[in-house]
Amino acid sequence: MSIDFMIVIFLIGFVGSFISGMVGIGGSIIKYPMLLYIPVMLGYTAFSAHEVSGISAIQVFFATIAAVWAYRGSGYLNKSLIAYMGGAILVGSFIGGYGSTLLSESAINIVYAILATIAVVMMFIPKKGLDDIPADQVTFNKWIAASLAFIVGIAAGIVGAAGAFILVPIMLVVLRIPTRMTIATSLAITFISSIGSTFGKIVTDQILYGPAAVMIVASIIAAPIGAKVGQKANTKVLQWILSLLILGTAIKIWLDIL
């Protein structure tokens, strides 16, 4: 792997991890299409969908560790929600990560596009009064939370994402969790999810360790910076950034499939 190619991979990882730390996602919603398209546009050898999903999976593992660490002591980490959704998504993501070898590259891309489309629709649903709920008065349906997390885990494991790009809309719209708590808590759940999907990718030999190592370094540097920025940013701005990112990615993936 040449130095200039390493720089390209590092920049992709840095930009994606900064944004992921800021808006509470693992970053695959951003880095998956960037890894798929940018190297080819610059004349480098293309990564396959399986390779991209493998690199994304292990990178998300490290990006979310770094971002959650930045949120320690903030009061935004909901331990009960992390336990219920984290346990369910861990099982689902391992099933999806291991089972992804049975799917073609086009099937993986279709799964990814469907997830992104659902997330787009949910992000544009009005969330009035959501951020007026005090942190100590936040409640949620434990069974609905766990069931949705398990389903998301299976689908996210298939594409090498940790599922936060759809977990965030679910937490905001279905479970009615305030924005800042959603961002912090989803990062912790995403970390747990990434354990299952990463293990599934490793045991099925779907990871290119050179590019993955570069992405990991970028993630450890950028994710905490993004998390600190996210703690100070306006919640509506954060929601719009995430909505537009998911929308742009969904459009791009669907255009390529069709």
Side-chain angles (χ1 to χ4, degrees), residues 20 24-29 31-33 35-36 47-65 68 80-119 122 140-171 174-175 185-209 212 215-216 246 249-250 253 257:
S20 72
I25 58 177
S28 289
I29 190 74
K31 280 165 276 193
Y32 185 94
L35 282 170
L36 208 56
F47 291 119
S48 69
H50 282 290
E51 290 169 341
V52 169
S53 65
I55 294 169
S56 296
I58 196 167
Q59 174 276 325
V60 166
F61 176 83
F62 287 94
T64 48
I65 289 177
V68 169
S80 178
L81 195 56
I82 292 169
Y84 279 93
M85 296 191 80
I89 204 169
L90 176 61
V91 177
S93 65
F94 174 74
I95 294 171
Y98 190 83
S100 63
T101 54
L102 304 176
L103 299 176
S104 66
E105 290 193 13
S106 61
I108 290 176
N109 284 332
I110 289 172
V111 170
Y112 189 86
I114 291 172
L115 283 176
T117 303
I118 294 171
M122 295 181 71
F140 63 94
N141 186 303
K142 298 177 176 61
W143 292 109
I144 291 177
S147 299
L148 291 174
F150 177 73
I151 295 169
V152 169
I154 292 175
I158 290 173
V159 298
F165 64 92
I166 191 166
L167 273 181
V168 168
I170 285 173
M171 291 168 72
V174 180
L175 301 179
T185 303
S186 70
L187 284 165
I189 296 169
T190 300
F191 163 66
I192 296 171
S193 169
S194 70
I195 297 172
S197 57
T198 298
F199 184 71
K201 298 294 184 183
I202 290 173
V203 298
T204 53
D205 195 27
Q206 296 185 61
I207 296 176
L208 295 177
Y209 289 98
M215 293 282 284
I216 288 167
I246 298 173
T249 300
I253 296 289
I257 291 172

For this session: Applying side-chain contact (heavy atoms from CB on, under 4.5 Å), name anything that partners I151, two or more places apart in sequence or on another chain.
Result: none
Exercise. Got I154 and V91 here, is their nearest side-chain heavy-atom distance under 4.5 Å?
Worked result: no
Exercise. Can you name the residues that form a side-chain contact (heavy atoms from CB on, under 4.5 Å) with A145, not counting sequence neighbours?
Worked result: L81, M85, F140, L175
Problem set entry | Inter-residue atom distance F191.CZ - L90.CG, 0.5 Å rounding | 10.0 Å
Seminar exercise, completed: Rounded to the nearest 0.5 Å, the OG1 atom of T190 sits from the CD1 atom of I65 at a distance of 12.5 Å
Exercise. If we only count heavy atoms from C-beta on, is the I216 to F61 side-chain gap below 4.5 Å?
Worked result: no
Seminar exercise, completed: I89 and A149 have their tightest heavy-atom pair at CG1-O, 3.3 Å
Exercise. To the nearest 0.5 Å, what is the distance between CZ (F150) and CD1 (I95)?
Worked result: 4.0 Å
Exercise. With L36, which residues qualify under side-chain contact (heavy atoms from CB on, under 4.5 Å), at least two apart?
Worked result: Y32, V52, N109
For this session: Could you list the residues that satisfy side-chain contact (heavy atoms from CB on, under 4.5 Å) with I82, not counting sequence neighbours?
Result: L77, T185, A188, I189, I192
Problem set entry | Heavy-atom pair with the smallest gap, counting every atom of I55 and M215 | CG2-CG, 3.9 Å
Seminar exercise, completed: Residues passing the ring pair (Phe, Tyr, Trp, His ring centres under 6.0 Å) test with F62, sequence neighbours excluded, are none
